[in-house]
Number of protein chains: 2
Amino acid sequence: MKVLVEKGTKKKRQTIVILQVGSLMNFVQGKTVANQVDEILLERIRDETYSPGSRMPSESELSDELGVSRATVRTALAKLAANGLILRKQGDGTYVNARARDASAFLGNLWDLVELIEGNGFKPSIRFLSIERRPATEKEAFALALEPSEDLIALRRLFYADQQAVILADNVIPSSLLREPFESIDGSLHIRDIFQKYFHQKIAFAITDIRSAVIGEEACTYLGGESDRAILKLQVALYGKNNLPLALGTNIFDDSVLRLSLVQAWS
Amino acid sequence: MKVLVEKGTKKKRQTIVILQVGSLMNFVQGKTVANQVDEILLERIRDETYSPGSRMPSESELSDELGVSRATVRTALAKLAANGLILRKQGDGTYVNARARDASAFLGNLWDLVELIEGNGFKPSIRFLSIERRPATEKEAFALALEPSEDLIALRRLFYADQQAVILADNVIPSSLLREPFESIDGSLHIRDIFQKYFHQKIAFAITDIRSAVIGEEACTYLGGESDRAILKLQVALYGKNNLPLALGTNIFDDSVLRLSLVQAWS
DNA sequence: CAGTGGTCTAGACCACCTA
DNA sequence: AGGTGGTCTAGACCACTGC
């Protein structure tokens, strides 16, 4: 019935940018137009096409140049602003935040240890320490909405920043969720991929508790250093789309090496 | 030239809701339509009009009922989803997240101690301990982009959750930003109001470093408890719209009383 | 007063789920 | 097949800023 939006008659298409027309891009790239715009702008900020502290082109200019609607430009800009990378001033303009680099972690990605390590400028790697099946403790059963002493898969892993051990991560997952042979599990994968591959589940949201603690002897054998020093303990609960508890995690985080820093911005 | 959008002919206006027409509401309420929708939905979730775990009305139904466009409904829903209060499933529907209450802090509000205490279900109050002027240390001068040993205003305050002392907060602000008499400063106000009232500045963004530490003797005299226990240290830098550093803060956070928990959700 | 970001509308098409 | 959320467009009006 309805025809696809007519495009291609823009004047100023002055960049290398290639955006697909209409909603076709969902097929071609698997990326939304807004995300493509976001990436383009992010790159321009990083390579200082838009230099730190300077004023960026206006929304209308960007929408003309990139051949997308202003609304689309705005969703991309909103994401950048939420992460503190740009500052927007009504009646004035949009400015590149020169302090963007000061932050290691963006809004609430506390559960994604790989991203956290990357955000600190290190190369992350994961060492798979152990995996076992054991009955759930009472607390675990409650938090995971299981019957008492139902079977769990307990995974222990060590995260490295470059060559240095920085996070000791313990995870427990209900055995009942497993969809592939127990023996096939590769514990050195990203937690998101582990859930995808062996449990056929997607992580929908996470609740992270941040606590301080003394490191203790056991964790110290992995992370080194003084056995009475204070560390951060990130206690994570992961949930699936259907609100099903997927896993619990306890991450011992050595904040003498890694910074945990967050940006918050307001509109 | 153009006429205000015609409204008022909706059929299903079945609720108590009163929304202003067009953009007039900006004058009347100081709230955007999207925020009003957000508040309405939030209230319905809290009072269990939409009960935990149940499916909410579709976007179209809400937009019909409330008399706003679907886009507006979507921005409100997006905010709720980002805070983990609802779960959205394409091709299915929007569900109330029964685990919403498990979180005390929402995305990155780490700098707002009053909100943090409220999020834990306590009544917050602020006790003003001391205020003084002193030259900046080298580190402080650097972080605040000042000349070495320029004058600072140093503020020390103690935050209570109900009757219990939970956070010791030290803040330093460049004296040069002060716009009102030094003597008039009321240190028991919310930090946002202090900036508004005495410095004529608005906080645009914050960068928070989360570290663990041993509490030490001094803080212990305020917060009580064992003097060798681990606590959280939130180091905050506040910036204004023009990217000007406004203040530094060091918040000693007793996590044996207060939880610091964050929700993260994905679309 | 012109230009910028902020908000809202109305309508279109898509991908996905459930039945 | 029908409905739901996900994305995008085009156009309008507002509030604020700086000249």
Side-chain angles (χ1 to χ4, degrees), chain A residues 1-7 10 19-38 55-64 66-81 86-95 202 204 241-242 266-267, chain B residues 1-7 9-10 19-38 55-64 66-81 86-95 202 241-242 266-267:
Chain A
M1 217 71 57
K2 290 289 174 181
V3 192
L4 274 179
V5 185
E6 270 282 321
K7 277 292 185 60
K10 298 285 167 188
L19 288 174
Q20 286 74 29
V21 178
S23 297
L24 277 174
M25 95 275 118
N26 280 326
F27 291 105
V28 184
Q29 287 255 1
K31 293 173 183 174
T32 66
V33 174
N35 278 338
Q36 290 180 57
V37 173
D38 192 81
R55 191 162 86 172
M56 292 173 58
S58 74
E59 298 181 347
S60 325
E61 281 170 355
L62 287 173
S63 105
D64 283 355
L66 301 175
V68 300
S69 78
R70 198 183 141 212
T72 304
V73 170
R74 277 185 64 76
T75 67
L77 289 172
K79 192 178 165 190
L80 294 173
I86 58 175
L87 301 174
R88 324 202 63 197
K89 306 193 210 180
Q90 182 170 124
D92 185 351
T94 301
Y95 292 81
K202 268 192 167 179
K241 273 254 163 183
N242 37 18
W266 294 265
S267 46
Chain B
M1 219 70 56
K2 289 290 174 179
V3 190
L4 276 178
V5 185
E6 270 281 323
K7 278 291 185 61
T9 53
K10 298 284 167 189
L19 288 174
Q20 285 73 32
V21 178
S23 297
L24 277 175
M25 95 275 118
N26 280 326
F27 290 105
V28 184
Q29 287 256 0
K31 292 174 183 172
T32 66
V33 174
N35 278 338
Q36 290 181 57
V37 172
D38 192 81
R55 188 161 86 171
M56 293 173 57
S58 74
E59 298 180 347
S60 326
E61 282 170 353
L62 287 172
S63 105
D64 283 354
L66 301 175
V68 300
S69 78
R70 199 185 139 211
T72 304
V73 170
R74 277 184 65 75
T75 68
L77 289 172
K79 191 176 164 193
L80 295 173
I86 58 175
L87 301 174
R88 325 202 62 195
K89 307 193 210 180
Q90 183 171 128
D92 184 351
T94 301
Y95 292 82
K202 267 190 166 181
K241 274 255 163 179
N242 37 16
W266 293 263
S267 48

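Chain A is the first sequence line, chain B the second, and so forth, proteins listed ahead of strands; every chain is numbered from 1.
Under 4.0 angstrom from either OP1 or OP2 of D:dG6 there lies at least one side-chain N or O belonging to B:Arg88. Regarding contacts with the backbone of D:dT4, every side-chain N or O of B:Thr94 stays at 4.0 angstrom or more from both OP1 and OP2. Applying the 4.0 Å criterion to OP1 and OP2 of C:dG11, one finds that B:Ser69 has every side-chain N and O outside that range. One finds a side-chain N or O of A:Thr72 lying less than 4.0 angstrom from the OP1 or OP2 phosphate oxygen of D:dT9. Between A:Ser60 and the phosphate of C:dG3, there is no side-chain N or O to OP1/OP2 separation shorter than 4.0 Å.
Taking atom NZ of A:Lys202 as the reference point, atom P of C:dC17 lies 9 Å away to the nearest angstrom. Here the C1' atom of nucleotide D:dT7 and the CZ atom of B:Arg70 are 9 Å apart, to the nearest Å. As a whole-Å value, the separation of A:Glu59 CD from D:dG11 P is 17 Å. Taking atom OH on B:Tyr95 and atom P on C:dT18, their separation rounds to 8 Å, with Å as the unit. Look at CD on B:Glu61: it is 14 Å from C1' on D:dG2, rounded to the nearest Å. Spacing between atom CD of A:Gln90 and atom P of D:dG18 amounts to 12 Å, rounded to whole angstrom units. Look at CE on B:Met56: it is 17 Å from C1' on D:dG3, rounded to the nearest Å. Taking atom CG of residue A:Leu62 and atom P of nucleotide D:dA10, one finds them 16 Å apart after rounding to whole Å.
Annotation: side-chain contact (heavy atoms from CB on, under 4.5 Å) contacts of A:Thr94 (sequence neighbours excluded): A:Met56, A:Ile86, A:Arg88. Here A:Ser58 pairs with A:Ser60, A:Glu61 under the side-chain contact (heavy atoms from CB on, under 4.5 Å) rule; sequence neighbours left out. For the side-chain hydrogen bond (donor to acceptor under 3.5 Å, both in side chains) test, residues two or more places apart in sequence or in another chain that qualify with A:Asp92 are A:Arg55, A:Tyr95. Residues that satisfy the side-chain contact (heavy atoms from CB on, under 4.5 Å) test with B:Ala78, not counting sequence neighbours, are absent from this structure.
Heavy-atom distances under 4.0 Å link DNA chain D to no residue of residues 73-80 of chain A.
Atom CG of A:Leu62 sits about 8.0 Å away from atom CD of A:Glu59, to the nearest 0.5 Å. Once rounded to the nearest 0.5 Å, the distance linking OG1 of A:Thr75 with CG of A:Leu80 reads 10.0 Å.
Looking at which nucleotide of DNA chain D each of A:Lys89 and A:Ala34 is closest to, the 5′-most match is held by A:Ala34. Heavy-atom distances to DNA chain C give each of A:Ala71 and A:Asp92 a nearest nucleotide, and the one nearer the 5′ end belongs to A:Asp92.
Which of C:dG5, D:dG5, C:dT7 sits closest to the side chain of B:Thr32 comes down to C:dT7. Ranking D:dA12, D:dG5, D:dT9 by closeness to the A:Val68 side chain, first place goes to D:dT9.
At a threshold of 4.5 Å between non-hydrogen side-chain atoms, the residues A:Asn35 and A:Lys79 count as touching.
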